[in-house]
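One structure below.
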Amino acid sequence: TGHEDYVRSVALDGQRIVSGSDDNTIKVWDLETGALLHTLTGHEGWVTSVALDGQHIVSGLDDGTIKVWD
């Protein structure tokens with residue numbers, strides 16, 4: 001079970017997978033178990049890019065909006 005629309009971007013580090021979707025959400029998954037850890041909401045459009053550095057997640061939309069999550 002996951003996103004309710006297309007997944008546009010995926011990033012991973014040693015412990016987590018982060019996915020951004022057309023359902024306007026970002027989901028954070030445990031890399032080892034595949035368990036959903038968090039769903040981040042707050043974007044008002046498709047999440048087209050995600051990146052992470054171990055402490056922060058950065059997400060971007062095609063409208064030029066960028067958010068930094070900690």
Side-chain angles (χ1 to χ4, degrees):
T1 307
H3 288 287
E4 296 178 9
D5 210 332
Y6 295 110
V7 174
R8 295 285 177 179
S9 57
V10 175
L12 63 110
D13 63 12
Q15 300 173 345
R16 299 173 296 168
I17 300 170
V18 175
S19 55
S21 171
D22 286 2
D23 65 7
N24 305 350
T25 68
I26 299 161
K27 294 195 181 275
V28 183
W29 310 86
D30 182 281
L31 182 60
E32 275 192 38
T33 66
L36 178 62
L37 301 174
H38 305 284
T39 299
L40 306 176
T41 60
H43 281 302
E44 296 183 16
W46 298 348
V47 180
T48 57
S49 60
V50 292
L52 69 159
D53 69 0
Q55 283 189 310
H56 300 94
I57 297 168
V58 179
S59 55
L61 278 73
D62 58 358
D63 68 359
T65 304
I66 296 171
K67 289 189 183 261
V68 179
W69 310 79
D70 60 1

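No experiment lies behind these values; they were computed from the predicted model shown.
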Determine, stepwise, if the pair S59 / V50 fulfils side-chain contact (heavy atoms from CB on, under 4.5 Å). CA-CA 4 Å; S59 55; V50 292; 4.2 Å; yes

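Under a hydrophobic-cluster definition in which Ile, Leu, Val, Met, Phe, Trp and Tyr are linked whenever side-chain heavy atoms come within less than 4.5 Å, directly or via other members, W29 and V47 are assigned to different clusters. Residue V10 is not grouped with residue V58 when hydrophobic side chains (ILVMFWY) are merged at heavy-atom distances under 4.5 angstrom, including chains of intermediate members. When the side chains of ILVMFWY residues are joined at heavy-atom separations under 4.5 Å, either directly or via intervening members, L31 and L52 end up in two distinct hydrophobic clusters. Placement of L36 and I57 in two distinct hydrophobic clusters is found when ILVMFWY residues are connected by side-chain heavy-atom separations under 4.5 Å, directly or transitively. Follow the hydrophobic side-chain contacts under 4.5 Å out from V28 and you never reach I17; the two are in separate clusters.
A51 and A11 make their closest contact through CA-CB, 4.1 Å (heavy atoms, listed as atom of the first residue, atom of the second, distance). The shortest non-hydrogen separation linking V7 to S19 is CG1-CB, 4.2 Å. Taking each heavy atom of I26 and V18 in turn, the nearest pair found is CG2-CG1, 3.5 Å.
Around the CH2 atom of W46, the shell of radius 6.0 Å holds no more than 12 heavy atoms that belong to other residues, nucleotides or ligands.
Side-chain contact between R8 and D22 is present, with heavy atoms from C-beta onward closer than 4.5 Å. Residues H3 and T25 meet the side-chain proximity criterion, which asks for heavy atoms closer than 4.5 Å.
Taking CG of L40 as the start and NZ of K27 as the end, the distance is 9.0 Å to the nearest 0.5 Å.
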